Asker: 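This is the structure I have questions about; it appears just below.
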There are 2 protein chains.
Amino acid sequence: MGEIQRPGALYQQVAAEIRSGIAAGEYPPGALLPSEAQLMERYQVSRPTVRKAVDRLRSEGLIDVVHGKGSFVRSLPTPSVTIDRTITREGDTFRTGLSDWEEVEPPTVTRGHTTATTGPLLGLDEGEAVFIVDRLLAEPSTGTRAMHRMVIPLATAAEVEELEHPDISPDQVYAALAKAGYHLTWRETVSARMPLPDERVALAIPDAVPMLQAVRVTRSTDGAHLIQEVCSVDGDRARVAFFIDVEAFEKEHSPG
Amino acid sequence: MGEIQRPGALYQQVAAEIRSGIAAGEYPPGALLPSEAQLMERYQVSRPTVRKAVDRLRSEGLIDVVHGKGSFVRSLPTPSVTIDRTITREGDTFRTGLSDWEEVEPPTVTRGHTTATTGPLLGLDEGEAVFIVDRLLAEPSTGTRAMHRMVIPLATAAEVEELEHPDISPDQVYAALAKAGYHLTWRETVSARMPLPDERVALAIPDAVPMLQAVRVTRSTDGAHLIQEVCSVDGDRARVAFFIDVEAFEKEHSPG
DNA sequence: TGACGTCACTCGTGCTTACGAGTTGAGAGT
DNA sequence: ACTCTCAACTCGTAAGCACGAGTGACGTCA
């Protein structure tokens with residue numbers, strides 16, 4: 001009893017068994033899975049096989065394994081934090097989704113150049129001189145963290161007085177650009193990837209949780225690239241939101 | 001020579017060494033890493049340790065391991081497919097980001113009810129009767145796949161003649177709603193999570209690659225939920241894009 | 001009663017061995 | 001010259017053993 005009849009490798013079969021148990025509600029969210037020894041007994045497999053199966057489930061984000069305690073079923077990734085990337089404007093004040101987040105550390109400003117890798121990613125040419133402003137932010141109520149990088153070409157900074165001190169907030173940057181007479185337009189892309197170890201530490205991302213990355217390129221209507229923002233967050237706890245009024249949008253953009 | 005001086009577990013140290021090598025360009029994208037035997041020799045560790053280190057890098061999405069050939073450095077996740085979620089309108093024709101994608105299979109239509117889990121996720125109450133239209137799509141030039149689900153409350157379908165046959169395309173659904181006199185408004189959220197095994201198969205997602213999920217809730221200006229769309233894609237190959245003209249948007253939404 | 005230490009339980013790491021299975025290229029045979 | 005076979009390489013799976021290390025409960029001792 002307990003042996004399994006499923007396709008594929010043994011550890012895959014064990015993983016599939018446990019996965020079914022989770023899906024069937026046998027192990028509800030938060031529940032403690034059987035210990036490795038119990039799983040060995042139950043499925044008549046060796047400990048390495050059990051560990052591989054458990055590791056598999058962890059890499060799928062289904063369970064959390066705690067040293068000395070056991071494996072717990074993760075609750076479904078229900079993002080509790082929403083970053084609203086819609087830009088709103090009240091008079092001369094801009095508000096973006098991170099306005100209410102707190103700075104964990106003072107922002108750091110670096111001068112650098114875009115490379116062949118970072119340039120196109122951000123909509124810039126290679127070798128362009130830029131300010132890079134890095135921030136580590138935290139959402140006050142949940143503690144969710146975000147990394148925020150703003151890339152400001154020196155060409156842009158030279159034309160806008162306020163950008164001589166580039167460590168002003170994104171909201172202020174937008175306000176400064178608007179004040180300088182630019183008609184702002186942005187294009188934002190959202191992608192996902194697994195965080196590197198240092199990103200996992202900085203953002204307090206658990207195992208097997210992807211990172212959401214939103215890249216916003218701000219342009220003026222003449223097509224010039226003004227600034228870029230890169231915002232990275234825990235994909236499990238955060239989601240990125242946009243709000244659009246189709247018909248209002250259409251009035252501006254439809255031909256005729 | 002070859003031994004390592006780094007904190008943490010042995011396999012972590014080996015993983016960190018290789019990771020540095022990748023970052024330093026010693027192993028450029030596409031390069032073949034040393035074989036497991038060579039890594040054993042180089043770092044004087046056993047094969048399980050090497051395998052664990054390699055497994056770690058794979059779970060970070062840094063390498064691809066091919067049976068019988070070796071481990072290859074993955075090129076940086078540079079999404080080659082962009083799903084533009086901006087809605088455009090030409091006369092009575094709507095266009096969304098998936099308009100040009102091909103249907104791999106005919107769409108399936110299911111009648112069901114929202115649950116306590118799926119309802120709130122989609123902006124609906126629990127137990128509401130809905131049509132569920134599922135599609136498996138493929139981008140013609142790259143083959144990238146997407147799962148697309150459209151949830152149409154029966155209450156909505158009852159008021160719009162064209163929705164008696166709910167397997168019409170999203171573009172046509174929008175057109176039908178607009179034709180029925182609704183002023184459309186939408187809110188879209190993007191999240192990321194690891195795909196479940198069946199999702200990985202359906203979308204042909206490699207190991208250690210997260211899934212991007214965009215949920216679009218279409219409302220009328222009176223606040224009623226009209227329809228929901230859920231679109232899931234390979235996070236490595238695709239990204240989700242939005243285009244906004246700040247000032248046009250602001251004209252419609254700013255007070256005064 | 002309270003503090004502390006021990007012990008049993010958990011997972012974490014590491015080594016060894018063995019064999020299966022995919023891939024490739026060199027060499028023998030035609 | 002071509003084809004086929006096979007050997008040698010690669011990673012994949014599975015087992016057993018040993019020990020370290022975190023956690024929590026229980027029992028002893030002050």
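Letters go in sequence order (proteins before strands), and every chain restarts at 1. Values in this document were obtained by computation on a predicted structure and should not be read as measured data.
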Asker: Return no unless some side-chain N or O of Y11(B) is found under 4.0 Å from OP1 or OP2 of dT13(C).
Answerer: yes

Asker: Between E36(B) and V66(A), which residue's closest nucleotide on DNA chain D lies nearer the 5′ terminus?
Answerer: E36(B)

Asker: What is the minimum heavy-atom distance between A204(A) and D234(A), and which atoms define it?
Answerer: O-OD2, 4.3 Å

Asker: Taking CE from M40(A) and C1' from dC11(C), how many angstroms apart are they, rounded to a whole number?
Answerer: 13 Å

Asker: So, do I132(A) and V130(A) sit near enough that their side-chain heavy atoms are less than 4.5 Å apart?
Answerer: yes

Asker: Measure from NZ on K52(A) to P on dT13(C) and round the result to the nearest Å.
Answerer: 16 Å

Asker: Just the endpoints, please: which first and last nucleotides of DNA chain D, 5' to 3', lie under 4.0 Å from a heavy atom of chain A?
Answerer: dT13(D) to dG24(D)

Asker: To the nearest Å, how far apart are I63(A) CD1 and dT10(C) P?
Answerer: 15 Å

Asker: To the nearest angstrom, how far is Q12(B) atom CD from dG14(C) atom C1'?
Answerer: 14 Å

Asker: Name the nucleic acid region contacted by S46(B), choosing base, sugar-phosphate or nothing; use a 4.0 angstrom heavy-atom cut-off, strictly under.
Answerer: base

Asker: Start at the 5' end of DNA chain C and walk down; is the nucleotide closest to T49(B) or to H67(A) reached first?
Answerer: H67(A)

Asker: Just so I know, are the side chains of R56(A) and R19(A) near enough to count as touching, which here means a heavy-atom distance under 4.5 Å?
Answerer: yes

Asker: Between dG12(C) atom P and D55(A) atom CG, what is the distance in whole Å?
Answerer: 8 Å

Asker: Would you compute the distance between atom CE of M211(B) and atom CE of M194(B) and round it to the nearest 0.5 angstrom?
Answerer: 10.0 Å

Asker: Quick one: does R47(A) reach the base of dG12(C) with a side-chain donor-acceptor pair under 3.5 Å?
Answerer: yes

Asker: Atom CG of D64(A) to atom P of dC11(C): distance rounded to whole Å?
Answerer: 14 Å

Asker: Could you check if a side-chain atom of L33(B) sits within less than 4.5 angstrom of a side-chain atom of V73(B), using non-hydrogen atoms only?
Answerer: yes

Asker: What I'd like to find out is whether the side chain of E103(B) reaches to under 4.5 Å of the side chain of L137(B), using heavy atoms alone.
Answerer: yes

Asker: Measuring to OP1 and OP2 of dT24(C), would you say a side-chain N or O of K69(B) lies under 4.0 angstrom away?
Answerer: yes

Asker: Tell me: CG of L32(B) to P of dT24(C), nearest whole Å?
Answerer: 11 Å

Asker: Verify, without hydrogens or angle tests, whether E60(B) (side chain) and L62(B) (backbone) share a donor-acceptor contact under 3.5 angstrom.
Answerer: no

